[in-house]
Engineer: 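Following this message is one structure expressed as structure tokens.
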Amino acid sequence: MDTNELKEIFKIFESGTISKMELETDSMKIKLEKPVTPETTAVPADRVHPESTPAAAQNTIDSPIVGVYRQAPKPDAEPYVRVGQQVQEGDVVCIIEAMKTMNEIKATCSGVVQEILAKDGDLIEYAQPLMIIGDAQ
Amino acid sequence: MDTNELKEIFKIFESGTISKMELETDSMKIKLEKPVTPETTAVPADRVHPESTPAAAQNTIDSPIVGVYRQAPKPDAEPYVRVGQQVQEGDVVCIIEAMKTMNEIKATCSGVVQEILAKDGDLIEYAQPLMIIGDAQ
Amino acid sequence: MIRKLLIANRGEIAVRIIRTCREMGIRTVAVYSTADANALHVQMADESVCIGGPAAKDSYLNMNNIIQAACQTGCDAIHPGFGFLSENALFARLVEAVGLVFIGPKADVIERMGNKNEARKTMQEAGIPVIEGTPGIVSNWKRGLKAADQIGFPVMIKAANGGGGKGMRIVHDHDAFKNAFLEAKAEAKACFGNDDMYIEKYIENPKHVEIQVAADEFGNVVHLFERDCSFQIRNQKMLEEAPCFLLDDKIRKAMCKDAVKACQAVHYSSLGTIEFLLDASGTYYFMEMNTRIQVEHPVTEMITGLDLVKLQIRIANHNPLGLKQKDIVCRGHAMECRINAEDAKADLKPDAGKITFLNLPGGRGVRVDGGIYDGYTVPPFYDSMLVKVITFGDTRLECIKKMRQAMEECVIDGIHTNEEFHYFVLHQKELIEGVYDTSFAQKCLKEWMENESV
Amino acid sequence: MIRKLLIANRGEIAVRIIRTCREMGIRTVAVYSTADANALHVQMADESVCIGGPAAKDSYLNMNNIIQAACQTGCDAIHPGFGFLSENALFARLVEAVGLVFIGPKADVIERMGNKNEARKTMQEAGIPVIEGTPGIVSNWKRGLKAADQIGFPVMIKAANGGGGKGMRIVHDHDAFKNAFLEAKAEAKACFGNDDMYIEKYIENPKHVEIQVAADEFGNVVHLFERDCSFQIRNQKMLEEAPCFLLDDKIRKAMCKDAVKACQAVHYSSLGTIEFLLDASGTYYFMEMNTRIQVEHPVTEMITGLDLVKLQIRIANHNPLGLKQKDIVCRGHAMECRINAEDAKADLKPDAGKITFLNLPGGRGVRVDGGIYDGYTVPPFYDSMLVKVITFGDTRLECIKKMRQAMEECVIDGIHTNEEFHYFVLHQKELIEGVYDTSFAQKCLKEWMENESV
């Protein structure tokens, strides 16, 4: 489904004085209700936290160009990074070979390599996520 | 779905004094409710009356065929019915001329003729409402 | 002079007729049932009139309401499209009786060609090859059996006023004859209110080849070449092409000549089709004459460059053809796929419902004749045909490749269609080679259903 | 042998190329920017590669990423479409350098024809009529003014490397020259990084007539008749037709002959267009040569029956044309309306946004080449062209009537388009008579906006 539509519906519902709504369309069924009392604002701060944390603490390093993924500077060399390794923003994490040029890709954030999403020799598209960087442990 | 439609529905609902609404169309099904504060219910009874009464007690006589509306048996004769007249189910209320045949149209319910929707000589489509019949007074 | 025309039909063909009328400067009146208030043809016509309830008998077959609507809206003519009242002689007569032009041949010819046995006799007298059979009605099963023995099995028992596969039986041997005859007769009585029966030799797995003809009131008759309509399931055509790919040119010429002769024999003056069965040896037989515009007319339009609806209206408007046989040239190859609201996986069970997403094909050499739009709800009361996709190529292979591409592009969500089945058919050897006969489609569907169920 | 082709473009032309490739059995790779992930061409291609961010310079103009994508996906060739890199000699060179086929002419020819002054000189030497003007670059305004006085006012000041109306000024008298020259030169510097200027006689309100040509590597050159592209607003074509209705046959023949001569002069080998200006007296002048497939190519396809993209690919694949001039016949009349995401009421201000309902026209003689679908969100980053509607008729009037009908059927909700403006244009006297010149469209738009604002 289209979450923008959902956002739109929320906005409409919240802006009015209506306290209860049930809506069913071809593609969705939704029930909305407003608290009848002043508690509306009293949302516990910690309830918001657990949902938003992982998203905030997890980043990906995305390819800035189209090319071929190289995990190491030379075919038989050690890979630039392995899962579990700590990287600093600016560290070279892999190479994207394009037009016979070796382009060093640098970490765009610091953290621990949680997963490497590309394999040696893969065609990499623009903006394709190459690896997931998590919080330092 | 079209959120503009939704906005429109909300506006209509909010602008009135109605506190609960259930609506079902081809593309959606919606239930709306307003918070139950004392003021909302305090609608003067007579304000509701003129709006809701006619709808409930009102029927139409619809054309069963395509043809031309004739209000009277002959060009110069008296019309079968006039506004305000009481009719009984089965009474002839008009003629629909089709293929040079005069088809007598009979009242499908009893009551008072509130409005005649067709004019002498009009092209009448199938299922087109010809007159509105209200409760006997 | 026709200035305003009522279209006594719905869906794709109503839309098709409206488009040509617009081009000709003729105003249009659509008619519709209460179930069709949102249909495309209603939105496209200049005016529209509701003529009855959802059941066809109450609306699209309701002659009085239709004619009344035409008279009241000031029409000069009525186009019956195909199906519904298009080959109803009584309707044609009524239309003429109220002083309107019926877009089609004279009522007498419709009637004469509507009776299969009568049509057969007429053609035989005109020297057109017909299938060997009884010269007239067979009054009882004993006489029928005697005739069948003379003709030689297999034979076909047919109702003189039949159609749509009803009142028909194929009989392979002497012993099975009696029961089949009695069954077919009872069915004919039930379906058509008339149980006149006759018997013909049964042609096994023929090709169904039909010749498009056009004739005016001044005795000018031309043919517009042939169509191969052998792709049929339960007597319903689903894919058609023009010309017939492997048809020997000598046979083509003979068929076309006979088709013209057939028109002359009945003093025909309209657009029409002469259907032939062509057996494996290259022998052909007159089957029937259709006195209406046909679903598959666009393939002929593609190869000849003519607008057949325009031609049909012009003839009804008492214009001369304005075409000589030598002006009509066959160029390239055209194919039509009928996209139906039918669940191909469920043996083509008709479907209905709301179209939730629609993408129709486009580009060079692709024509789309449709009666639907995105968000349209297909009512369950009528024919399941939604859209016809027609492709044209310099060669037959180019035409097939374009059709494959068109089928890939075509997306109709929300209801089941036969579109994927078409895609499968377009990759089958027999289709590609053009050798398929009337037994092919059913075989193909069976194979596809088996594949799909895995 | 081209087996797999990357399309370095987007939208309607990418879809157009994919369709022909499918028919030819060539696999396709689409490229797209992050803003185009849901675009139709991405969904229709066999494979697709994201090549950059929304800005064209980061994606569709990113030569390295495009060529890398072609190499990595195993393509043999790159089709540049129109716009973007289609007339970029460096790109053509790079494509050839990595061993791929560039679907277009040789890089040297692209370069030579890309420089307007160079092209003009070449054509003059080949004996093609060119507009009177300075033989080369004019170094300063004083020399320019002297030349202008000799040529006679009005004159056009032009940037040698210009395009899209930038770096150009029309000057009507001696006194206005200096300022106009300096402005145009500064603009040229800013837009093209090069401020070489030259001066030509200005032809007032001409017709813009162009000849489609095709030439192979073996010296075979043919013309495919002309197109009338006089309907332009701010140098953007919006409606085109073929052939040019009122063109005198003697002039047509001379123009076609000169177009062929132009190709021979530069040893051209691809599809191309020679643009001419035709003044009211019937004199014509070479304006420029386009070395790419053009937006309006379908009208030529309709009147000749040829697939120009197929022809272009075949030539790039080192095939001989396989066509002789006498085989190419002009039949009927074709017109194209470009449906753009532009608010006609706001002087054609480009629009973007979600298409909430889409109904494209159909039927006989109607072709739709589009790059959109129902629910598609038009991104704000690129050209505003959404769909091309092409109609074909035996006569020009039939063709216009079909286009009116097509515009009535066309519904694009959710964004503003120029569709209603087209409908208005199709009812204007000058359009119907075919006499309109390049001043007509702007006048028409002004009138329409005034009507609409009432």
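Chain letters run A, B, ... following the sequence lines, proteins first and then strands; every chain starts at 1.
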Engineer: Kindly compute the distance separating CG (C:Leu358) from CG (D:Asp374), expressed to the nearest 0.5 Å.
Structural biologist: 8.0 Å

Engineer: Between D:Gln43 and chain C, with a heavy-atom cut-off of 4.5 Å, which part of the residue counts as in contact: side chain, backbone, both or neither?
Structural biologist: neither

Engineer: Step through the shown structure and confirm whether more than 12 heavy atoms of other residues, nucleotides or ligands are within 6.0 Å of CZ on C:Arg314.
Structural biologist: no

Engineer: Need one label for D:Arg19: side chain, backbone, both or neither, based on atoms under 4.5 Å from any heavy atom in chain C.
Structural biologist: both

Engineer: Measure the CZ-CZ distance between C:Arg364 and D:Arg16 for me, rounded to the nearest 0.5 Å.
Structural biologist: 7.0 Å

Engineer: Quick one: which of D:Arg367, D:Glu301, D:Lys388 has the most heavy-atom pairs under 4.5 Å with chain C, could you say?
Structural biologist: D:Arg367

Engineer: Considering only heavy atoms, which portion of D:Leu306 lies under 4.5 Å from any heavy atom of chain C: side chain, backbone, both, or neither?
Structural biologist: backbone

Engineer: Under 4.5 Å, heavy atom to heavy atom: which of residues 389-405 of chain D reach chain C? Give them by number, or say none.
Structural biologist: D:Asp394, D:Glu398, D:Lys401, D:Lys402, D:Gln405

Engineer: Out of D:Arg331, D:Glu23, D:Met24, D:Met302, return the one with the most heavy atom pairs under 4.5 angstrom to chain C.
Structural biologist: D:Glu23

Engineer: Could you grab the distance from atom CD of D:Glu409 to atom CD1 of C:Ile18, nearest 0.5 Å is fine?
Structural biologist: 9.0 Å

Engineer: Can you see which heavy atom on C:Asn359 is nearest to which on D:Ile372, and at what distance?
Structural biologist: OD1-O, 4.5 Å

